[in-house]
Structures are given as structure tokens and as C-alpha cells.
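In what follows, a structure is listed as C-alpha cells, so that the remarks can point back to it.
We count ligands from 1, going down the list as the structure has it; atoms in each ligand are counted the same way. Below, all heavy atoms of this structure are taken into account, side chains as well, without hydrogens, waters or symmetry copies.
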Amino acid sequence: MQDFPDPEPGPGEVVVRMRASGMCGSDLHFYRGTASFGGGKDTIQGHEPCGEVHAVGPGVTADMASVGDRVMIHHYWGCDACEHCRSGWPQMCDRENGHTLSITTHGGHAPYMVVPARTLLPLPDALSYKAGAAIGCGTGTAWGGIKRLGNIGGATLVVMGQGLVGLSGTMFASALGARVIAVDVRDARLDRAREFGASEVINSAEVDLTEAMADLTGGRGAEVILETSGVAGADALKILGKWGRACFIGLPGDVSFRTEQQYKKQWTLMTSWTMSTIEQARCANFVVAHQLPVDRIFTHSWSLDHAVEAYQWFDEQADGKGVFEF
Ligand SMILES: [Zn+2]
Ligand SMILES: [Zn+2]
């Protein structure tokens, strides 16, 4: 825990009064010192912030932000000029002056945070601040992966891993009309997966995954897979059927295949990195329209005073999802 001065908004910036700041699985890479990308001890953590506009800097018009607006934040910004920034993907900015909350600039685990006004997205009235926080990374990442996979209505879709992202993936895929088979190694997570829409569940620590999938699909295997665990890439390819599509989200991930053994399966394999600004907003609207229980993804709520305890809890069991509420 460290003290920092409250930020002031510069040109084009806003200060957001934090209302909810989620704890994301990727925080643990920093907490444990195992991150392969940036981040430092003097950077405020939290890249799932949600709150209300507290102050606006010079040049921020009412169209962009006004004090009191309920806002989500897309947790990256870039040059605003390259093709990726312009298409809503500032995390893919071609220039090297991009920022990511909690890595290159202060994040949301603090009462106030300063960001460029262009990172703000409206938080629909029907959504809680903590739902907006989840959509800012973990839940939005699941949405982004599902969108990459294309049409999944009616498909048999396997979600590998039922952590924060996987559980959200189960929820979205089910709402979009897929038959969802949830895979994990913990029964408690699989019980939650059923609550969030999984038709069937497989505990891959207890039964043979390939056999269980063959039983559930008449030997055809999965039509679509969302891999969120970061450790089940090889398992995913074992159960992916002909014409299968798979999206690999979980890190670190290890996926390999020999073309000569697999090419007749006509697979489409892809990766996905969080979501665009536009898809973050669409994700929020979808959650509202389908009344999805995003709030229930959070199992623990903490005040910032208990941040040390909160991260010890998160580090020890890496299960459930915590949020700081202000
Ligand atoms: Zn750019
Ligand atoms: Zn995250």
C-alpha cells in the first residue's frame, strides 16, 4: 500500500472518481512478479475501473464527458491516428507511445484516476459500477473471444477453464444460443458454470476429457472452443472436431500441432486480445438486453483499506472474483 497525490486533469483528460475497481486474473502476474510485460511497483494497480467523472481538463467538451457521468473505461490508449487506434483497438497501436492502465500508467485501485477523455464509454443506467468494472477486462475479454469466433448459435461450444474469463464466456455463449460444455478441474467452478448457463460440465481431473466429449457429442467433438485456462491448449486440440473453430485467450498458453496430422480437419484457430472500444460498449449493451447476471460473477467485495488482505486471498486460491468498492 502506498500513498499518492490525487491527480489533476490535464488537457483532454478527466479525473474519474472510482466506484468499483475489479481484480483481474492478470493482476497476479504482477503481484507474484512473474509478469512478462511491463508494470512496476510504483504504478497503482487496477485495470478494471468504473466510476463517475469527477473533473474535466481543458478542451474536454460536454460531448466527451461531463462531471457526474457514469463511465466505463477502455483501459488502453494510443496515438489516436494509426489504423488500429482508429478502428477501436488502441492496445494494438503501431506507435510506441501507447498506455495501459496499471502497466504504464496509474490504474483504478485508488479513489481517483486520471485518463484521457477518449477512453471513456457510457455505463448504461441498468448496470452497476461493478458490472462496468468486470466488462472493462475479464468479462469483456470473454466477449471479445466469442466475437472473434463468429456465429456460435446452435453450436456445441466448449469453454476450457471456468475462472473469471471462462465463466463469462459460458454466460455469453449460452445467451447467444450455443450448447455450452464447461470444462475445469474444480467442481465448485463447474457448479457455478451450470448457474451461468452450461448445459453440461466435465471435470477433466476426474474423467478422461476426450472420452467424455465423445460421449456427449456422438464422437464428433467440439464445434467451437474458447480456451481460457492458459494450460489446456493441447487438450483443446484433442477434442476439436472437423471444421472446428477455436479461440485461445488464456496465458501463457501452449498450442502446437503437426499439419500433416491435422490438415484434414479443416480447423480455424485464432487468438484474441481483450476487446475493442466498440465491443466493450456492445458487451455492456448485450448484458443489459439479456439481463445477464454479471454482478454475480463477483464473489468478494473489499474496501481499499483491505487491499493487502484482498490480494493475499486472490493469490492463495485464484478462484472467485474480487472487486474494490468505493
Ligand atoms: Zn495508434
Ligand atoms: Zn485484465
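Across Ala222 and Leu240, no two heavy atoms sit closer than the pair O-CD1, 3.7 Å.
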Salt bridge (charged side-chain N to carboxylate O under 4.0 Å, His left out) between Glu279 and Arg282, worked out: CA-CA 5 Å; Glu279 287 300 339; Arg282 285 182 180 154; 2.8 Å; yes
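At least one side-chain heavy atom of Ile103 sits under 4.5 Å from a side-chain heavy atom of Phe30. Side-chain contact between Cys137 and Thr274: present, with at least one pair of heavy atoms (C-beta onward) separated by less than 4.5 Å. In this structure the side chain of Arg32 reaches within 4.5 angstrom of the side chain of Asp315, judged on heavy atoms.
Protein N/O/S atoms found under 2.8 Å from the Zn ion (ligand 1), listed by chain and residue number: Cys79 SG, Cys82 SG, Cys85 SG, Cys93 SG. For the Zn ion (ligand 2), protein N, O or S atoms closer than 2.8 Å were enumerated as Cys24 SG, His47 NE2, Cys137 SG, with waters left out.
Environment of CD in Glu8: sparse, with no more than 12 heavy atoms of neighbouring residues, nucleotides or ligands closer than 6.0 Å. Atom CD of Gln291 has 12 or fewer neighbouring heavy atoms from other residues, nucleotides or ligands inside a 6.0 Å radius.
Under the 30°/60° scheme for interplanar angles, the aromatic rings of His109 and Phe324 are found to stand perpendicular.
Between Arg194 and Asp191 there is no salt bridge, since none of the side-chain N atoms of the basic residue sits less than 4.0 Å from a carboxylate O of the acidic one.
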